[in-house]
Structures are given as structure tokens and as C-alpha cells.
Amino acid sequence: MLVKGSDGEDEIVADLVVDASGRSSHLPQWLAGLGLPSPRITTVDAQIGYASRTYTYPAGQPRPSWMGLLEPLRAPDVRKGCYAIRIENNALHVTLHGGGGTQLPRDDEAFLAFAKTLHGPIADTIACLTPTSPVRRYARTLNRKTAYHRLPRWPEGLIALGDSVCTFNPAYGQGMTVAALEARLLEQMLRSRRDGTPFDGHGFQKRLARVTAFSWLMATVPDRAWERPGPALPVKAGNWFLDRLTDTVPYDPRTYTTFSQLFHMTAGPLALADPRLLSRVLIGPRPSTNRPAATA
């Protein structure tokens, strides 16, 4: 591998080169420089952003009855939502979401004003609390998948993993878990390799694609609903099911457990095929007209 710096070039000899440089990876350009075909890159951008901050409870201030609160976005009409959870040190962490390019708050006044546009109790809750952090905004939520596994040729001794291959909208909280699963896959393949044989980098990319497949689906199905013109029928059907699942969660502990396991990746996609879950979701409560926030 040739490393170029301000003081010249250095050649580093390695049995295995790992691209873990994240969203800023230049690997497609490097492969093109070697005369290899360009990989297919798929992007899904719902233009979702979020603004977060923490609060503390003043002395004598009663705590809310809930530990966590969720008011989800719903394309195309519900462009504002929130997530709040009680955390350590007597604090409340609050995240406000905006979809479809909705403007995010930048300061105290705008943060509270945004919260007041929501249907749940979050505005009344934070109005009595003391902010302990500035408003921190983030809007780099593009989903991107690079299909290295489909290239007909691949350099020996090279692999890519993490966000350099597949990035997710961080609002869904899957990136670090997927990266850990990819690292475990690398460990397994390194341990099973025979001594003296080169590492099967192309085989690794193919197996990595299977590791990321379900998380990609869980992140991009709801995000594709924001695309214009309207999403395809399979995306509409998937979002209908996810909306019904979310609506059922506050009223059914079993559904909540499965929902939590799916998004924490302790359960696989087959959990969605459980007849008991399907029946609960299909006959579960419909969203009320005022869309109350879900609390737990």
C-alpha cells in the first residue's frame, strides 16, 4: 500500500488492508485508479434531521410518569416528532426529529417552540426543567450502500467494512451494532483461515452484505416513504405494517418486546413472521386522530 503525505510517499507492506474510514471513504476512486469497475452505490435520503439536548429536574419538581416517550415521524404528512428518555444523574435526554427537510431548532426558544407543535406532553415537561446542554443538531442521515460484493474482480488482501460500505440513518441506532457484527465476522474468517493462505477478501464482502441486509431494509423502508414521487407499492406496504407495529407497541407488552429486539438486533427478521405478532399487529389499535405519543 502506498501512503502519500506532505513529506512524500511511503510504501507499507501488509497481508491485509482494511478500509474502515467511514462515510468519507475514497475506496471507489482508488479501485477505479486500479482499472477496476466502479461499484454500484445506492442512496436513500429522507432529509431527516434531529436536534438534541439534556435537561435536569429542579429540586422538588415531580418526575413524569413515563421513562421514555416516542412520537414518530410518518411520511408524508407528519414531519415532526420526538424521542425522550430519562437517563442517569437525574436527567432527561430529548431529541426532536424533523422529516422531509423540516427546519430544526437552533436555540432554547426555538427548541421549546418546536416541542409545542407536537401532540404529546414533551413541551409541558421540558418547560419546567433546566437545560444542561446546548442544542446539538445533526442532519447527515443519508443511507448509502456500496455493492463491493457484486464486483467481478477484487484486489487480494483488501476488505472494507463499517460505514465505508453501508451507512444507515443514525436515528435508527443500528450503525454501531452492525459494525460490531461485521468485526465478529472478520474475526471468524481470520480464525478459520488456513495458515499461509491469503485472506478471502471478496468472500468477506459477500458475507458482509448478508450481515447488513436486514438493517438496510429496516432503515430504508421508512426513509423511502419520504421520496417524491411517491414510493413503490412494496415500500407503502412495508410502511403500513411498521406504522401498525408502532401503534400497537404502547398497548401490548409482547409486541413492545419484539419491536425492541428487532431494533436492538437481538432478534432477526423471522420475528416478524411470528403468527402471534402478526395477529396482534393486524388487529391492534388504529392510530387515533390526535396521534398521542407512545410512552413507557
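Just so you know, these numbers use all the heavy atoms, side chains as well, and skip hydrogens, waters and symmetry mates. Starting from 1, each residue takes its place in the sequence as its number.
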[X] atom [atom1], neighbour heavy-atom count above 12 within 6.0 Å:
X: Arg23; atom1: CZ; answer: yes
X: Arg228; atom1: CZ; answer: yes
X: Glu156; atom1: CD; answer: no
X: Gln29; atom1: CD; answer: yes

Working for side-chain contact (heavy atoms from CB on, under 4.5 Å), residues Phe111 and Arg53 = CA-CA 9 Å; Phe111 198 89; Arg53 72 183 322 182; 3.7 Å; yes
Taking only residues two or more places apart in sequence, or in another chain, which ones meet [X] in a ring-ring contact (aromatic ring centres under 6.0 Å, His included)?
X: Phe241; result: none
X: Tyr148; result: Trp154
X: Tyr57; result: none

Separation between [atom1] of [X] and [atom2] of [Y], rounded to the nearest 0.5 Å:
X: Thr248; Y: Asp243; atom1: OG1; atom2: CG; answer: 10.5 Å
X: Leu69; Y: Ile85; atom1: CG; atom2: CD1; answer: 10.5 Å
X: Leu70; Y: Thr246; atom1: CG; atom2: OG1; answer: 7.0 Å
X: Thr146; Y: Arg40; atom1: OG1; atom2: CZ; answer: 11.5 Å
X: Leu118; Y: Asp124; atom1: CG; atom2: CG; answer: 11.0 Å

Looking at every heavy atom in both [X] and [Y], which two are closest together, and how far apart are they?
X: Met189; Y: Gly203; result: CE-C, 4.2 Å
X: Asn239; Y: Val221; result: ND2-O, 2.7 Å
X: Gln103; Y: Arg137; result: NE2-NH1, 3.8 Å
X: Gly35; Y: Arg153; result: O-NH2, 3.4 Å
X: Ile87; Y: Leu92; result: CG1-N, 4.4 Å
X: Glu182; Y: Gly162; result: OE1-N, 2.5 Å

Spell out, as yes or no, whether a donor-acceptor pair under 3.5 Å connects the side chain of [X] to the backbone of [Y].
X: Thr132; Y: Thr56; value: no
X: His202; Y: Leu151; value: yes
X: Glu71; Y: Gly120; value: yes
X: Arg207; Y: Leu185; value: no
X: Ser260; Y: Tyr256; value: no
X: Arg244; Y: Leu282; value: yes
X: Thr167; Y: Arg144; value: yes

Do the side chains of [X] and [Y] join up, straight or via other hydrophobic residues, at under 4.5 Å, putting them in one cluster?
X: Trp30; Y: Ile41; answer: no
X: Met176; Y: Val178; answer: no
X: Leu217; Y: Val235; answer: no
X: Leu27; Y: Leu142; answer: no

Measuring only between side-chain heavy atoms, which start at C-beta, is [X] closer than 4.5 Å to [Y]?
X: Val165; Y: Thr212; result: no
X: Leu73; Y: Trp226; result: yes
X: Leu96; Y: Pro105; result: yes
X: Leu104; Y: Val135; result: no
X: Leu16; Y: Leu190; result: yes
X: Leu242; Y: Pro222; result: yes
X: Leu272; Y: Val281; result: no
X: Arg63; Y: Arg86; result: yes

Sorted by chain and residue number, the salt bridge (charged side-chain N to carboxylate O under 4.0 Å, His left out) partners of Arg224 (sequence neighbours excluded) come out as Glu227
Inter- and intrachain pairs under ring pair (Phe, Tyr, Trp, His ring centres under 6.0 Å), touching residues 121-145, at least two apart = Tyr50-Tyr138
Are Gln61 and Leu129 close enough, and set up right, to give a side-chain contact (heavy atoms from CB on, under 4.5 Å), and what steps lead you there?
-> CA-CA 8 Å; Gln61 176 71 29; Leu129 305 185; 4.1 Å; yes
Evaluate the salt bridge (Lys or Arg N to Asp or Glu O under 4.0 Å) criterion for residues Arg254 and Asp274: first the C-alpha distance (whole Å), next the side-chain angles of each, then the deciding distance (0.1 Å), finally the verdict.
-> CA-CA 11 Å; Arg254 288 180 179 270; Asp274 186 334; over 6 Å; no
When you check the gap from the basic side-chain N to the acidic O, do Asp15 and Arg193 get nearer than 4.0 Å?
-> no
Residue set satisfying side-chain hydrogen bond (donor to acceptor under 3.5 Å, both in side chains) with Ser25, at least two apart, ordered chain then number -> Asp19
Taking atom types as modelled, find out whether Thr95 and His93 have a side-chain donor-acceptor pair closer than 3.5 angstrom.
-> yes
Ser164 and Ser21: CA distance, side-chain angles, deciding distance, side chain to side chain donor-acceptor pair (under 3.5 Å) verdict = CA-CA 6 Å; Ser164 64; Ser21 54; 5.3 Å; no
Does the pair Asn143 and Asp223 meet the rule for a side-chain contact (heavy atoms from CB on, under 4.5 Å), with working shown?
-> CA-CA 9 Å; Asn143 301 279; Asp223 280 8; 2.8 Å; yes
Working for side-chain contact (heavy atoms from CB on, under 4.5 Å), residues Leu245 and Thr255 = CA-CA 8 Å; Leu245 177 64; Thr255 303; 3.5 Å; yes
